[in-house]
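Here, residue 1 is the first one in the sequence, and each next residue gets the next number.
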Amino acid sequence: MVASTEFGTLAPTPDEFRDLGYRAVDIIADYFASIDDLPVFPGKAQTAIEAVFEEPLPETGQDPATILEEWPNRVLPNATHVGSPRYFGYVMGSGTAMGVLADALAASINMNTGGWKPAPAATEIERQTVEWIAEMIGYPTDCGGQFTSGGTMANLTAILTGLRAKAGYDTKHRGLRAADHQFTIYMSDHEGHSSIYRVAEILGLGSDAVRLVPSHDDFTMDVDALVELLDEDVSNGDTPLCVVAQVGSVNVGAIDPLDEIATVCAERDIWFHADGACGAVGAILPEKRPQYAGLERADSVTLDPHKWLYIPYECGCVLVRDQSLLADAFEMQASYLEGTMRTPYEGFDYYEVGPQMSRGFRALKVWMSLKHYGVEGYRTLLSQNVRCTEHLDARVRDAADFVALHEPNLYLYSFQYAPPDLQTLVTDTPQAREAVNTYLDELNQRIADEIQLTGTAFVMTTSIHGRTVLRFSICSHRTTTDDIDLTFETLRDIGEQVDSTLRQKLDLNV
């Protein structure tokens, strides 16, 4: 075919692109080589970073090689290095090397995995990888599922599927306006995830539909309390729709009693959803597997490969035991998406089993990373994270100026800095408790804010029983116990410094 001289792509030539690619890989390789030593957080105000990128809309094209240098010169110095071994904020995986390459390859072919025809290879890779994920965690491999943007969209997909399966009428066409009652969702009162509220709001159920079930001292759901709450709601005319069990909760790594919850849901025909965004993949660890008994009974399970499988953002996953229910929930018709006659050259369309029509090739980075590490490699990396968490717990319990709040499980751990004299004061003078607790709330928040600005580590706070505490998410494949020790000692040094200046604000009034 003769190319028209009247048209052009403005793209680099293959040789020019190859040179750009070599430079990009060099930049990435140098970054990985230096990531242990980089300040984890840039420590700059929003206005300062905004100013770095303030520029007019380009009217004419710029040199690609010059544009590429913007990355090391402007972007990296103003980035939070989530892949650092001392990034302990949120729950964010560290990014596999194969995942980086996979994202570049996926972008190069630019398949839309919403349908089979625009993405035959991508569709079949996703189907295979979903099956692998299910097999890894002990879930039925004939389930349905797909990769999503993250845990919120995965939970939305699962619970919407549950709504359409359990509502008792056609909510897909008639909507919730046809209901004469309130559908309700249940999760644990302390460790239930905030995304469930968002899901309830998006589905039109309203956040008031979420019922909080009392928890045991170990932060797991009290199933007896669940049964009482279900009975109470039914007597009030509500319709229990879904129970959400935590499978590795966001603050303490708690795993709810899955088998017991599954039995309650089965007896009452309630959708049982296991929110394993943070911790479901821990089922591959033999020493942790007993905690996951009953996971295979869940109607749906969510997990985030971009958390504890270290996959680059973004990548969540939803599994539904009966894949036909996904089709019932999301099947759609549009003439432009399919021909009028079936042919051998078509297959499974993901837009028929999920909320997105346009979808990126997320599965490739999971597929390639699983092939690279294998399940045994992932067991090694996950075990390292667990050992780091147990090491941190040991440091906390051995220290007079820190307080342990729970037993370590998986890789999420919360604890508090509390000067020994204040701990003694609360014990000896109970009426001082409220003032001391308020002071410790501020002290721990200041510690987290200060350590971020040092660049040594990134630590955030959370709330445990209404108190502000320090929280670690140790889900980097690069983290060692040396990183834990360095961060722990830095927290102590900052705690002593902040306490010495802040203590004058403490008004005991006792």
Side chains of Ser215 and His190: is there a donor and an acceptor less than 3.5 Å apart? no
Does any non-hydrogen side-chain atom of Phe488 lie less than 4.5 Å from one of Val396? yes
So, Phe415 versus Phe472, ring centres under 6.0 angstrom or not? yes
Side chain of Ser414, backbone of Asn251: donor and acceptor closer than 3.5 Å? yes
Is the closest side-chain donor-acceptor distance between Asp218 and His406 under 3.5 Å? no
Centroid separation Tyr417 to Phe402 less than 6.0 Å: yes
Would you please test Asp483 and Thr480 for side-chain hydrogen bond (donor to acceptor under 3.5 Å, both in side chains) and show each step? CA-CA 5 Å; Asp483 295 303; Thr480 68; 3.2 Å; yes
Regarding Arg471 and Thr462, is there a side-chain donor-to-acceptor distance under 3.5 Å anywhere? no
Given the options Asp499, Asp485, Asp401, Arg492 meets salt bridge (Lys or Arg N to Asp or Glu O under 4.0 Å) only with Asp401
Tyr411 (side chain) donor-acceptor with Cys278 (main chain) under 3.5 angstrom: yes
Between Tyr87 and Phe41, is the ring centre distance below 6.0 Å? no
Under 3.5 Å donor-acceptor, Arg23 side chain and Leu68 backbone: no
Do Phe219 and His465 have ring centroids that are under 6.0 Å from one another? yes
Under a 3.5 Å cutoff, is there a donor and acceptor pairing between the side chains of Thr481 and His391? no
Walk me through it: do Glu126 and Arg359 pass the test salt bridge (Lys or Arg N to Asp or Glu O under 4.0 Å)? CA-CA 12 Å; Glu126 183 158 354; Arg359 305 173 70 247; 2.6 Å; yes
Hey, does Ser369 have a side-chain heavy atom less than 4.5 Å from the side chain of Leu309? no
If we ignore hydrogens and angles and just use 3.5 Å, is the side chain of Glu450 paired with the main-chain N or O of Ala448 as donor and acceptor? no
Against the six-membered ring of Trp367, is Lys365 placed for a cation-pi contact (under 6.0 Å from the centre, within 45° of the normal)? no
Side-chain donor/acceptor of Thr389 to backbone N/O of Asn385, under 3.5 Å: yes
Check whether any side-chain heavy atom of Val199 lies under 4.5 Å from a side-chain heavy atom of Val210, and answer yes or no. no
Does either side chain, that of Thr424 or that of Asp421, offer a donor lying less than 3.5 Å from an acceptor on the other one? no
Is it true that a side-chain atom of Thr427 and a backbone atom of Gln423 form a donor plus acceptor pair closer than 3.5 Å? yes
Between Gln445 and Asp449, a side-chain donor and acceptor under 3.5 Å: yes
Do Asn444 and Thr468 pair up side chain to side chain, a donor and an acceptor below 3.5 Å, judged on atom types alone? no
Any side-chain heavy-atom pair of Ser463 and Val469 under 4.5 Å: no
Ignoring hydrogens and angles, state whether a donor on the side chain of Ser195 or His193 is under 3.5 Å from an acceptor on the partner side chain. yes
Arg198: which residues meet the salt bridge (charged side-chain N to carboxylate O under 4.0 Å, His left out) condition with it, sequence neighbours left out? none
Under a 4.5 Å cut-off applied to non-hydrogen side-chain atoms, are Leu285 and Ser383 in contact? yes
Just checking Trp132: does its CH2 atom have more than 12 heavy atoms from other residues, nucleotides or ligands closer to it than 6.0 angstrom? yes
